[in-house]
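Step one of this worksheet: look at the structure below.
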Amino acid sequence: MEPESGSNYVSGSPGCLTSGHSSLLSPLPLSPGALQFDEDDDDLEVFSKDMALTDGNSFSPLMLASPSSMINQYKFEDEPDVKDIFITVDEPESHVNAIETFITYRIATKTSRSQFDSCEFEVRRRYQDFLWLKSRLEDAHPTLIIPPLPEKFIVRGMVERFTEEFIETRRKALHKFLNRIADHPTLTFNEDFKIFLTAQAWELTSHKKQGPGLFSRMGQTIKAVASSVRGIKNRPDEFTELGEYVDAFSQKINVLDKISQRIYKEQKDYYEELKEYGPVYTLWSASEEELVDSFKGMASCIDKCCKVTDTLNLKLSGELIPIIHEYVLYSETLSGVMKRRDQIQAEYDYKVEASSNKKADNTDNLTEEIEKLEDKVECANNALKADWERWKQNMQTDLKGTFTDMADYRINHFEECLALWESFLSSQTCDFQMDTKEEAKS
């Protein structure tokens, strides 16, 4: 099994951005004892387990080795220090025809990679095209963790379809999807990814027709169902442990997502109440001459606190909620990856069992098939383990960074509100002392 075309990229063409890139996925002829891995939104871009998510060693990737295997290990090498591909998703456009209404986005790509015919490309894609790309990546790399797409349908109560808020939220999510692929050491060199970034609409349509047909996909589905019915008899302990981690992560991140959504809704309601609260004091001041300054001071503080709260809400909706929800989708992706790994092993186990029940003169072809399946299982296992370590490191970095930023935003929010109320209190105290002195003199 060879790396995808383009993985031997050395340098860009003249006049383009310059950088270097070595082969990122390559077979290493090492002994089993020496094997090691490097760690390293169509409509919304939007804890019962005992296992602790903070334990970075809760899953320890132990290597599987098969003496008869043609492939001992797949290893992700260090990513390049210089980024050689830049992708931007912007300029959404609404399209209306007799059948449907949909949004397309401009995909602008700049690259120095030699396998591209030019340094710059610009195409327009709709959500269905992103779905096609994700499906093709899953077919080509069944046990790699493909970045999630935003859901096709709206999350109820968040935004309405095709509003500016919805379109912008989706644009950001699609932008992140493509850039996560571009940053992946293997997916970034996938041929379908290149075609997605460079082909004109008619070329992409033609290329889609070359993919697996309906009956082929139905056959794969039937095979997957059959594998799930048979079950896995010899799943390695490390993948059982990984599956338990995924279940725990899914439970916790889903709870966190629901609570974050609820907090955001309450913060929005609070902001709306503040907007109506301040003007009451302003209106009241017109009928209370002796309390004019106090009422106006209250109105001013509430108005400023309202603006500060709005800023915090924008941070919640723009940074915290999207990253939490993305990892909700990632948890679904992880479950899918585990199922595909199990399907590959189930097919291998079935053939091994069938071989033991066959007569000796009918086992030659089956033996060859079993050896190929053994290599396929090992490739799938090693790819998953390497990608798992990379994904886990990215997940921890993303969540830690997001939580730290939200802590800073909340501290700033409360400090600004505190300073406003302290200033109001100080002014009222001074006014009260002056009034007391005047009364004493009189």
Side-chain angles (χ1 to χ4, degrees), residues 41 43-56 58-59 145 147-161 163 165-166 168-170 172-173 176-177 180 242-275 277 305-336 338 391-418:
D41 317 11
D43 296 303
L44 181 71
E45 319 257 290
V46 267
F47 288 108
S48 64
K49 293 277 186 179
D50 294 331
M51 188 176 299
L53 294 180
T54 56
D55 184 2
S58 59
F59 172 70
I145 303 170
L149 277 171
E151 300 98 330
K152 180 175 178 61
F153 300 103
I154 301 168
V155 173
R156 185 168 48 192
M158 288 297 293
V159 293
E160 296 299 326
R161 190 181 185 189
T163 62
E165 180 184 0
F166 157 72
E168 177 60 14
T169 304
R170 160 152 290 185
K172 290 179 179 178
K176 178 173 285 188
F177 169 74
R180 286 201 185 276
L242 193 155
E244 292 172 352
Y245 181 98
V246 170
D247 290 341
F249 178 84
S250 178
Q251 286 182 316
K252 294 173 183 179
I253 200 70
N254 272 278
V255 170
L256 195 59
D257 182 53
K258 291 177 181 178
I259 295 175
S260 298
Q261 301 278 5
R262 190 161 64 242
I263 290 174
Y264 173 62
K265 184 179 183 304
E266 292 172 354
Q267 287 279 130
K268 284 182 65 178
D269 292 342
Y270 175 64
Y271 168 73
E272 294 298 328
E273 294 290 348
L274 281 181
K275 283 171 50 177
Y277 190 36
C305 285
C306 185
K307 294 177 181 178
V308 173
T309 300
D310 187 38
T311 299
L312 177 62
N313 288 345
L314 290 175
K315 297 295 184 181
L316 281 170
S317 63
E319 298 183 24
L320 176 65
I321 289 177
I323 196 71
I324 295 297
H325 195 71
E326 182 185 21
Y327 279 96
V328 168
L329 301 178
Y330 257 126
S331 70
E332 298 171 0
T333 297
L334 290 169
S335 296
M338 292 298 296
W391 175 86
K392 187 168 64 173
Q393 183 178 14
N394 288 341
M395 177 270 292
Q396 292 171 349
T397 300
D398 287 343
L399 294 185
K400 285 180 181 179
T402 300
F403 297 156
T404 300
D405 289 343
M406 288 312 304
D408 285 338
Y409 297 147
R410 286 194 172 276
I411 290 172
N412 292 336
H413 168 261
F414 289 119
E415 285 180 342
E416 290 185 48
C417 290
L418 179 61

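The side-chain contact (heavy atoms from CB on, under 4.5 Å) search around D398 returns R180, I323, Y327, not counting sequence neighbours. Applying the salt bridge (Lys or Arg N to Asp or Glu O under 4.0 Å) rule to D310 yields no partners; only residues at least two apart in sequence or on another chain are considered. For S331, the side-chain contact (heavy atoms from CB on, under 4.5 Å) partners are F249, S250, I253, N254, not counting sequence neighbours. Residues passing the salt bridge (Lys or Arg N to Asp or Glu O under 4.0 Å) test with E273: none are found, sequence neighbours excluded. Under the salt bridge (Lys or Arg N to Asp or Glu O under 4.0 Å) criterion, K258 pairs with no residue at all, not counting sequence neighbours. Among residues two or more places apart in sequence or in another chain, the side-chain contact (heavy atoms from CB on, under 4.5 Å) test is passed with K307 by D303. A search for side chain to side chain donor-acceptor pair (under 3.5 Å) contacts involving T309 returns H413, not counting sequence neighbours. When the salt bridge (Lys or Arg N to Asp or Glu O under 4.0 Å) test is applied to E319, the partners found at least two apart in sequence or on another chain are K315. Applying the ring-ring contact (aromatic ring centres under 6.0 Å, His included) rule to Y270 yields no partners; only residues at least two apart in sequence or on another chain are considered.
For residues 399-417, no residue pair satisfies the salt bridge (Lys or Arg N to Asp or Glu O under 4.0 Å) rule, not counting sequence neighbours.
Note: D247 CG to K252 NZ = 11.5 Å, rounded to the nearest 0.5 Å. With rounding to the nearest 0.5 Å, the separation of OG1 in T402 from CD in E326 is 9.5 Å. How far NZ of K268 is from CD1 of I263: 15.0 Å, rounded to the nearest 0.5 Å. I411 CD1 to L418 CG: the interatomic distance, rounded to the nearest 0.5 Å, is 12.5 Å. Interatomic distance, N313 CG to S317 OG, rounded to the nearest 0.5 Å: 7.0 Å. To the nearest 0.5 Å, the span separating OH on Y271 from CG on L312 amounts to 12.5 Å.
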* Would E332 and L329 count as a side chain to side chain contact (heavy atoms under 4.5 Å, CB included) if you check the C-alpha gap in whole Å, the side-chain angles of each, and the deciding distance to 0.1 Å? -> CA-CA 5 Å; E332 298 171 0; L329 301 178; 3.9 Å; yes
* Evaluate the criterion side chain to side chain contact (heavy atoms under 4.5 Å, CB included) for residue pair L399 and I324; output intermediate values, then yes/no. => CA-CA 8 Å; L399 294 185; I324 295 297; 4.2 Å; yes
* Verify side chain to side chain contact (heavy atoms under 4.5 Å, CB included) between K176 and K172, making sure each step is shown before the conclusion. => CA-CA 6 Å; K176 178 173 285 188; K172 290 179 179 178; over 6 Å; no
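Scanning all heavy atoms of the two residues, the minimum distance from V308 to C417 falls at CG1-SG, 4.2 Å.
Side chains of T169 and P322 form no contact here, defined as non-hydrogen atoms less than 4.5 Å apart. At a threshold of 4.5 Å between non-hydrogen side-chain atoms, the residues E168 and T163 do not count as touching.
In the displayed structure, Y409 atom OH is contacted under 6.0 Å by more than 12 heavy atoms of other residues, nucleotides or ligands.
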